[in-house]
Number of protein chains: 2
Amino acid sequence: MTVKITPALEDYLESILIIQERGNVPRVKDIARMINVKAPSVIEALSHLQKKGLVVHERYGYIEMTSKGLKKAKKLYGRHLLLKKFFQDVLGLDKKLAEEDACRIEHYLSQETLNRMLSFINFIEDHPEEKPDWLSDFQSLIEGNHKG
Amino acid sequence: MTVKITPALEDYLESILIIQERGNVPRVKDIARMINVKAPSVIEALSHLQKKGLVVHERYGYIEMTSKGLKKAKKLYGRHLLLKKFFQDVLGLDKKLAEEDACRIEHYLSQETLNRMLSFINFIEDHPEEKPDWLSDFQSLIEGNHKG
DNA sequence: TTATATTATTAGGTTTGCCTAACTTTTGGA
DNA sequence: TCCAAAAGTTAGGCAAACCTAATAATATAA
């Protein structure tokens with residue numbers, strides 16, 4: 001059984017992974033800036049994540065994910081990337097908006113729906129001969145409609 | 001400028017519209033059942049909605065939306081229906097799951113993304129000659145993958 | 001090394017959104 | 001009509017998630 005956490009805590013956990021993947025050591029202030037909150041909120045969140053066994057954080061010391069935390073963070077970040085890709089490649093959203101909307105809904109979609117989106121993306125990529133006819137028709141259509 | 005309300009309050013407002021559209025008079029207990037909360041939460045929410053000028057509710061009396069409230073409720077419900085349709089017609093989700101996921105994310109998507117989804121749906125409906133090639137290919141593909 | 005700037009933490013407070021328990025009002029059947 | 005059941009309301013409490021102000025620890029630079 002994987003641990004359940006709130007959408008807000010998901011954001012904190014994910015941000016730690018992202019900072020690490022950029023090759024940096026996660027600091028309270030970096031997490032705060034990334035999530036757009038103040039430092040005390042980070043401290044509080046870390047203590048909750050620690051209670052759930054996803055993170056280890058010692059006073060004035062390093063912030064580390066447990067293996068359980070890392071696994072969960074990767075799963076969350078995977079969802080995020082999938083949604084972003086769907087928004088970009090299927091709906092033709094620009095990078096920034098795709099990122100923003102992915103952020104906002106990643107906590108709420110069922111696994112099944114995410115699977116469908118993945119299938120959709122895969123389908124497009126696996127059937128390049130079919131793609132141009134419709135997806136590019138669609139995307140050039142929306143270029144005109146949606147201000148460009 | 002339209003009034004901003006929280007996701008939770010959006011649910012309450014929307015539920016009032018839905019109950020009315022079904023031809024019923026909205027009652028506290030009906031709203032409570034629809035949103036899966038207890039009656040006191042409804043009372044509290046109604047007083048917030050009233051403060052925002054979206055609803056009128058007199059003690060032990062009728063629950064009515066103002067014209068502003070009705071307008072907002074319709075907009076929210078429109079989003080809900082759009083998302084549900086997208087999930088069903090594009091991703092091929094079953095009705096129940098489409099409904100559930102629409103519920104969960106309807107508060108968080110940007111207008112732009114919703115517009116794209118609408119365009120996508122319209123595109124499908126306006127180009128029936130192109131549709132079979134890809135959307136039905138996709139949908140029969142996922143029939144196999146996703147348990148059917 | 002010591003003073004200062006930066007970073008981290010604690011304490012305490014706010015808002016939102018939910019709850020239960022107790023109470024009030026309304027409704028509907030005997 | 002009257003009283004019990006149903007519906008609605010109030011009071012008070014709790015958790016999540018944020019904040020500011022004050023304090024503590026650490027890092028840096030003179």
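Chain identifiers are assigned alphabetically (A, B, ...) following the order of the sequence lines, protein sequences preceding nucleic acid strands; residue numbering begins at 1 within each chain.
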Kindly indicate whether the side chain of B/V90, heavy atoms from C-beta on, has any atom under 4.5 Å from the side chain of A/F120.
yes

Checking A/D101 side chain against B/S110 main chain: does a donor-acceptor pair fall under 3.5 Å?
yes

Of residues 11-33 of chain B, the positions that come close to DNA chain D - non-hydrogen atoms, cut-off under 4.0 Å:
B/R27, B/V28, B/K29

Would you mind reporting whether A/S47 and A/H57 have side-chain heavy atoms less than 4.5 Å apart?
no

Would you indicate whether the side-chain heavy atoms of A/V37 and A/Y12 approach each other to under 4.5 Å?
yes

May I ask you to test the A/L114-A/L83 pair for a side-chain heavy-atom distance under 4.5 Å?
yes

C/dT7 P sits how many Å from A/K38 NZ, rounded?
14 Å

Using atom CD1 of A/I63 as one end and atom C1' of C/dT7 as the other, report the distance to the nearest whole Å.
11 Å

Quick one: does any side-chain atom of B/K72 pair with a main-chain N or O of B/V3 as donor and acceptor, under 3.5 Å?
yes

For A/I31, is there any backbone N or O sitting under 3.5 Å from a side-chain donor or acceptor partner on A/S15?
no

Reference residue B/F87; test side chain to side chain contact (heavy atoms under 4.5 Å, CB included); the match among B/D94, B/L82, B/I105
B/I105

Atom pair CD1/CZ of B/I63 and B/R27 - distance to nearest 0.5 Å:
8.0 Å

Using 30° and 60° as the class limits, which term best fits the ring planes of B/Y108 and A/Y108: parallel, tilted or perpendicular?
parallel

Listing time: all N or O pairs from protein to nucleotides 10-16 of chain C that are below 3.5 Å?
unit_1, atom_1, unit_2, atom_2, d
C/dT10, OP1, A/R59, NE, 3.1

Quick check on the hydrophobic clustering: are A/L81 and A/L13 connected, directly or via other members, by side-chain heavy-atom contacts under 4.5 Å?
yes

To the nearest 10°, give me the bend of the helix from C/dT1-D/dA30 to C/dA30-D/dT1, comparing the axes of its five terminal pairs at either end.
0°

Start and end of the DNA chain D segment that chain B contacts, any atom under 4.0 Å from a heavy atom:
D/dA7 to D/dT10

Look at the side chain of B/Y60 against the base of C/dT24 and say whether a donor-acceptor pair falls under 3.5 Å; ignore hydrogens and angles.
yes

Sequence-distant partners of B/R79, salt bridge (Lys or Arg N to Asp or Glu O under 4.0 Å), two or more places apart
none

Those residues at least two apart in sequence (or on a different chain) that pass salt bridge (Lys or Arg N to Asp or Glu O under 4.0 Å) with B/K84 are B/E99

